[in-house]
Amino acid sequence: MFGSLKGRVLIILAVIAASCGYLYTNWASCAEERAAAGTTKSCSPVTLGLDLQGGMHLVLEVEDTEGTMTPESRADATDRALRIIRSRISQFGVEEPLIQKVGADRIIVELAGITDEERAKDIIRRSAFLQFFLVQSGQEFQGFVSALPRLDRAVLAAFGEDVGGRVAEREPTGRETVEQLLFGGDTLPATGDTAAAQDTTALPTEPSRRPFSALLLQTGQPGQLLVDARDVELIQRFLAEPSVQRAVPRGATLRLSQDSIAQGGDIYRTLYVLEDRPFLRGEELEDAQPGRDAQYNETIVSFELSRRGGRTFSQVTGQNIGELIAIVLDAEVVSAPVIQSQIGARGQIQMGAAPLSEAQDLALVLRAGALPAPLRIMEERTIGPSLGADSIDQGQLAGIVGLILVVGIMIAYYRVAGVLAVCALTVYVIMVLGGLAAFGAALTLPGIAGLILTIGMAVDANVLIFERIREELAAGRVPRTAADEGFK
């Protein structure tokens with residue numbers, strides 16, 4: 001069948017249809033992304049390289065927040081960050097990215113055709129440092145509450161007396177603070193802790209003398225306190241102070257939730273009281289995939305742990321059924337589910353009503369791994385095509401004029417044979433562009449030059465064939481024989 005003319009025509013038509021399908025799919029996908037990003041920039045059915053469409057240029061540097069890095073450790077952190085960024089960008093789906101190290105501690109990232117620059121920057125810079133903590137409850141949480149006066153005094157000592165006045169002057173939230181927990185008596189631990197009792201009885205009740213605890217609101221749940229959204233920045237300033245951190249009771253650490261909650265017309269963030277050491281870290285994570293929970297219609301990220309991590313996870317969850325387990329990503333609690341039963345090597349991070357794209361980004365950075373150190377953007381700019389808009393327009397005009405001249409000369413000189421040659425060249429161009437679209441290859445200026453060169457070679461081949469056919473016809477051969485000799 002395939003040796004017959006009909007079979008060959010069917011194969012050619014099928015290839016043309018497949019090529020056109022890939023080109024249309026690429027164009028429609030690009031148009032959808034542009035519409036979602038709110039841009040009116042035109043789309044191309046073939047991915048264009050940085051020299052044709054422009055993109056985003058970033059210069060990144062490893063940030064030494066504590067000032068303890070040696071030049072050797074800084075260079076090592078840069079090399080590790082380079083590998084992780086390459087993995088993330090590869091999974092993000094950017095075509096023909098340029099990611100390279102410059103000097104000892106800088107990384108250049110160039111991404112062509114980016115429509116959502118903020119999303120790309122977040123994926124690149126996100127530390128993705130994953131930890132699993134147990135949330136304190138019972139006597140541990142009560143011990144933390146009884147130590148709040150010590151935190152208040154540390155804040156007053158570190159920030160001055162005026163900070164208490166600013167706390168007292170803020171608008172009331174309409175919710176009970178931790179006063180009942182501090183002064184209620186029956187909620188304090190009956191352990192004979194005289195130091196805690198002295199801290200509690202010595203603390204004045206006015207908010208100006210309680211700049212830290214006055215910002216904390218009750219939830220009724222152990223290990224969880226609420227912070228008004230207007231006070232989150234102030235709480236973060238307090239907790240960033242080393243002297244305040246030292247006043248946090250031994251065995252406890254404080255982490256704010258990533259998401260906000262709305263109650264009674266106000267917005268709050270949850271402050272979790274966690275054990276000071278994580279029982280599991282992200283190094284044991286082997287896979288992460290986004291999805292949606294069919295039962296609760298929530299966005300989730302399902303994760304799978306290594307064999308060692310699964311054993312640890314199973315042991316800890318089996319011993320703490322009914323307690324909360326906090327999943328902390330980059331020092332923020334992304335979810336804190338109740339341990340219903342013993343959990344093995346598989347689990348999930350609940351993201352509530354977050355869009356699926358956020359779950360996809362989170363799963364991507366978790367799979368790629370955590371950065372060894374934070375990255376600071378030293379330089380950022382949106383770059384246009386390296387050729388310049390005028391050069392691209394002139395190139396397009398030259399290409400169109402050249403193509404019209406070639407088509408016109410072939411048809412005028414060879415007539416019917418010229419028409420057939422032009423149709424064959426059109427099929428060839430569609431197949432080449434369809435192949436680029438199918439494999440996701442980027443078309444750059446050298447690629448266009450190569451395509452034009454192959455078209456020119458094909459035209460040259462047609463000229464040789466048609467001239468030989470003319471010679472055979474002039475020698476008296478029948479057309480079928482002349483055509484066979486020409487193509488031979």
Rounded to the nearest 0.5 Å, what's the gap from CG on L225 to OH on Y272? Could you check?
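Here the interatomic distance stands at 11.0 Å.
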
Find the distance between CZ (R376) and CZ (R106) and round it off to the nearest 0.5 Å.
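The CZ atom of R106 is 8.0 Å from CZ of R376, to the nearest 0.5 Å.
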
Beyond-backbone contact of [X] with [Y], side-chain heavy atoms, under 4.5 angstrom:
X	Y	value
D276	V248	no
L111	L58	no
V135	I325	no
V62	M69	yes
L134	N320	yes
I267	I261	no
V227	L217	no
D228	L215	no

For S260 and Y268: C-alpha separation, side-chain torsions, deciding distance, then whether side chain to side chain contact (heavy atoms under 4.5 Å, CB included) applies.
CA-CA 6 Å; S260 302; Y268 300 95; over 6 Å; no

For S137, give me all partners under side chain to side chain donor-acceptor pair (under 3.5 Å), at least two apart in sequence or on another chain.
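Testing S137 for side chain to side chain donor-acceptor pair (under 3.5 Å), a comparison that skips the adjacent residues, returns E323.
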
Taking [Y]'s backbone N and O only, do any of them form a donor-acceptor pair with [X]'s side chain (distance below 3.5 Å, no angle check)?
X	Y	result
S314	G310	no
T317	I343	yes
R86	I99	yes
Q245	L239	yes

Is a salt bridge present between [X] and [Y], judged by a nitrogen-to-oxygen distance below 4.0 Å?
X	Y	value
R210	D152	no
R308	E284	yes
R269	E332	yes

Under the side chain to side chain contact (heavy atoms under 4.5 Å, CB included) rule, what do F303 and L305 come out as? Steps first, then yes or no, please.
CA-CA 7 Å; F303 60 85; L305 300 170; 4.1 Å; yes

Chi angles and distances behind the side chain to side chain contact (heavy atoms under 4.5 Å, CB included) call for V333, Q258
CA-CA 6 Å; V333 178; Q258 190 177 77; over 6 Å; no

Which class fits the ring pair F132 and F279: parallel under 30°, tilted 30 to 60°, perpendicular over 60°?
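The arrangement is tilted - the two ring planes meet at 30° to 60°.
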
Taking the six-membered ring for Trp, are F238 and F212 parallel (under 30°), tilted (30 to 60°) or perpendicular (over 60°)?
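Geometry flag for F212 against F238: tilted rings.
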
Which is it for L130 and L285 under the side chain to side chain contact (heavy atoms under 4.5 Å, CB included) test, yes or no, and what are the steps along the way?
CA-CA 9 Å; L130 184 67; L285 190 74; 4.3 Å; yes

Quick one about S302 and Q289 (side-chain donor to acceptor, distance below 3.5 Å, no hydrogens or angles considered), yes or no?
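Distance-only check fails for Q289 and S302.
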
Any residue meeting salt bridge (charged side-chain N to carboxylate O under 4.0 Å, His left out) with D79, in chain and number order, not counting sequence neighbours:
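For D79, the residues satisfying salt bridge (charged side-chain N to carboxylate O under 4.0 Å, His left out) (neighbours in sequence not counted) are K101.
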
For atom CZ of R292, decide whether the heavy atoms of other residues, nucleotides or ligands shown that lie under 6.0 angstrom number more than 12.
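Atom CZ in R292 is crowded, with more than 12 foreign heavy atoms closer than 6.0 Å.
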
